[in-house]
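We count residues from 1, following the sequence as given.
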Amino acid sequence: MSQYALTAIKYLYELEEHKKHLIQKVINEVVLPESGLIIIVDSEDYDSNIYPSWGDLGLHMNLSNGIEDISPPYLYDLMVSRKYSNIVWLSGRTSKDIPTLVWSLSHELRHYYQDSISSIISRCGYFLYHTMGFIDSNFTYMDLPHEVDAELFGWEISKKVLGEEVAEEFIQKMINRYPSYAKLREFKERAEYNMIKELINVLKKYKNELMIAQILDHADEITRQFKISQEINNLEYLLLYGR
């Protein structure tokens with residue numbers, strides 16, 4: 001018997017029924033655990049200057065890696081309760097727009113899936129997210145392989161749930177706002193993108209620069225303790241043998 005509560009969805013405001021139906025359609029496209037995961041559809045948007053981890057459209061958090069101390073009270077209390085091992089959270093503004101809701105939920109559930117394959121993926125993703133911007137002035141969000149994988153999944157599920165036309169309009173809007181999103185068009189199907197192989201390539205290509213970035217003043221303890229060569233070996237094993 002699991003030590004965690006049954007997997008659940010928590011709505012922090014009265015979401016319209018048709019949006020709840022779309023959320024269920026997204027969930028039907030993925031495999032969720034029987035217990036340990038809570039999906040939270042929040043009513044609020046949080047200032048990232050006050051709550052740095054909670055300013056985006058959504059996030060996935062594996063609580064085995066620790067909790068975020070600087071969190072809104074409800075979310076903090078939920079984390080310290082240890083009822084769940086993982087949180088997928090959506091901000092208030094995310095659920096206001098249907099394409100954003102479907103894409104963002106799919107994206108965050110993909111991060112949960114990545115982490116369920118191996119924590120190596122989320123460790124490497126965290127490390128690259130907090131270092132690449134300091135070593136490559138042309139670095140963008142679409143240079144993070146785990147994010148490309150999640151966005152491709154968001155696109156794939158959006159096409160299934162909302163239809164090709166709506167998904168196409170949404171990704172074009174994203175490209176207009178963030179030109180780097182055009183990278184997603186390089187892949188006709190998500191299966192063409194090998195996230196683990198791409199993580200290995202990035203870590204190898206920038207290994208020397210990343211080692212320097214680890215010792216800069218901005219680096220947190222997780223970044224400083226990251227073992228680049230060891231994690232490359234771990235990823236290569238994962239690429240060959242799976243979990």
Side-chain angles (χ1 to χ4, degrees), residues 2-24 26-27 30 32-116 119 121-123 125-130 133 141 144 146-147 150-151 153-154 157 174 177-178 218-223:
S2 174
Q3 69 185 86
Y4 298 112
L6 294 176
T7 290
I9 306 174
K10 179 72 172 178
Y11 298 101
L12 299 189
Y13 75 105
E14 194 57 44
L15 190 68
E16 300 96 317
E17 286 301 319
H18 70 281
K19 290 181 179 178
K20 290 183 179 180
H21 177 69
L22 289 171
I23 287 173
Q24 190 58 54
V26 171
I27 290 172
V30 300
L32 299 184
E34 291 186 4
S35 61
L37 171 65
I38 185 165
I39 299 169
I40 300 170
V41 181
D42 210 327
S43 58
E44 302 294 328
D45 297 315
Y46 301 109
D47 186 342
S48 59
N49 293 315
I50 300 174
Y51 299 115
S53 294
W54 305 95
D56 292 330
L57 291 172
L59 64 77
H60 161 252
M61 187 176 294
N62 183 339
L63 300 180
S64 67
N65 297 326
I67 67 172
E68 177 54 61
D69 291 327
I70 306 174
S71 297
Y74 171 79
L75 294 166
Y76 179 80
D77 290 344
L78 181 67
M79 288 185 287
V80 299
S81 74
R82 297 297 181 182
K83 288 183 178 179
Y84 300 95
S85 59
N86 284 266
I87 293 174
V88 165
W89 170 84
L90 300 178
S91 69
R93 69 186 185 278
T94 302
S95 59
K96 299 298 187 291
D97 175 71
I98 285 176
T100 303
L101 171 62
V102 171
W103 189 295
S104 298
L105 177 58
S106 304
H107 176 111
E108 298 306 335
L109 287 173
R110 186 63 177 179
H111 282 318
Y112 166 78
Y113 171 75
Q114 293 169 356
D115 204 48
S116 71
S119 60
I121 295 170
S122 57
R123 285 203 305 271
Y126 180 94
F127 176 72
L128 290 174
Y129 183 86
H130 288 86
Y141 183 73
L144 295 168
H146 66 303
E147 296 295 355
E151 291 290 52
F153 188 73
I157 299 303
M174 295 300 293
R177 187 174 180 184
Y178 306 108
H218 67 81
D220 61 21
E221 191 62 24
I222 296 174
T223 301

Gap between atom [atom2] of [Y] and atom [atom1] of [X] - 0.5 Å precision:
| X | Y | atom1 | atom2 | answer |
| --- | --- | --- | --- | --- |
| Tyr74 | Leu78 | OH | CG | 5.0 Å |
| Phe127 | Leu144 | CZ | CG | 12.0 Å |
| Leu12 | Leu75 | CG | CG | 7.5 Å |
| Leu101 | Leu15 | CG | CG | 7.0 Å |
| Thr223 | Asp220 | OG1 | CG | 3.5 Å |

Problem - Tyr129 atom OH, over 12 foreign heavy atoms within 6.0 Å - result: no
Practice task
Measure up the Tyr46 and Tyr51 rings against each other and bin them: parallel (under 30°), tilted (30 to 60°), perpendicular (over 60°).
Solution key: perpendicular
Exercise for the section: Check side-chain hydrogen bond (donor to acceptor under 3.5 Å, both in side chains) between Glu16 and all other residues, then give those that pass, not counting sequence neighbours. Expected result: none
Practice task
Just jot down the side-chain hydrogen bond (donor to acceptor under 3.5 Å, both in side chains) partners of Ser85, sequence neighbours excluded, or say none.
Solution key: none
Between side-chain atoms of residues 54-62 and protein atoms elsewhere (two or more places apart, or another chain), which donor-acceptor pairs fall under 3.5 Å?
{"from": "Trp54", "atom 1": "NE1", "to": "Ser71", "atom 2": "OG", "distance (Å)": "2.9"}
{"from": "His60", "atom 1": "NE2", "to": "Asn86", "atom 2": "OD1", "distance (Å)": "2.7"}
{"from": "Asn62", "atom 1": "OD1", "to": "Ser64", "atom 2": "N", "distance (Å)": "2.9"}
{"from": "Asn62", "atom 1": "OD1", "to": "Ser64", "atom 2": "OG", "distance (Å)": "2.7"}
{"from": "Asn62", "atom 1": "ND2", "to": "Ser64", "atom 2": "OG", "distance (Å)": "3.4"}
{"from": "Asn62", "atom 1": "ND2", "to": "Asp115", "atom 2": "OD2", "distance (Å)": "2.4"}

Fill in the blank from the handout: Applied to residues 66-86, the salt bridge (Lys or Arg N to Asp or Glu O under 4.0 Å) test, sequence neighbours excluded, yields none
Fill in the blank from the handout: Contacts satisfying salt bridge (Lys or Arg N to Asp or Glu O under 4.0 Å) that involve residues 34-54 (not counting sequence neighbours) are Asp45-Arg93
Closest non-hydrogen atom pair between [X] and [Y], with its separation:
| X | Y | result |
| --- | --- | --- |
| Gly154 | Ser106 | CA-CB, 3.8 Å |
| Leu37 | Tyr112 | CD1-CD1, 4.3 Å |
| Ala150 | Gln114 | N-NE2, 3.9 Å |
| Pro33 | Thr7 | O-OG1, 2.7 Å |

pair [X]-[Y]: side-chain heavy atoms closer than 4.5 Å:
| X | Y | answer |
| --- | --- | --- |
| Tyr113 | Val30 | no |
| Leu32 | Leu109 | yes |
| Ile70 | Tyr76 | no |

Fill in the blank from the handout: Given the options Arg110, His146, His107, Glu151 meets side-chain hydrogen bond (donor to acceptor under 3.5 Å, both in side chains) only with His107
Table please: side-chain donor-acceptor pairs of residues 17-24 below 3.5 Å, with sequence neighbours left out.
{"from": "Lys19", "atom 1": "NZ", "to": "Ser95", "atom 2": "O", "distance (Å)": "2.7"}
{"from": "Lys19", "atom 1": "NZ", "to": "Lys96", "atom 2": "O", "distance (Å)": "3.3"}
{"from": "Gln24", "atom 1": "NE2", "to": "Asn28", "atom 2": "OD1", "distance (Å)": "3.0"}

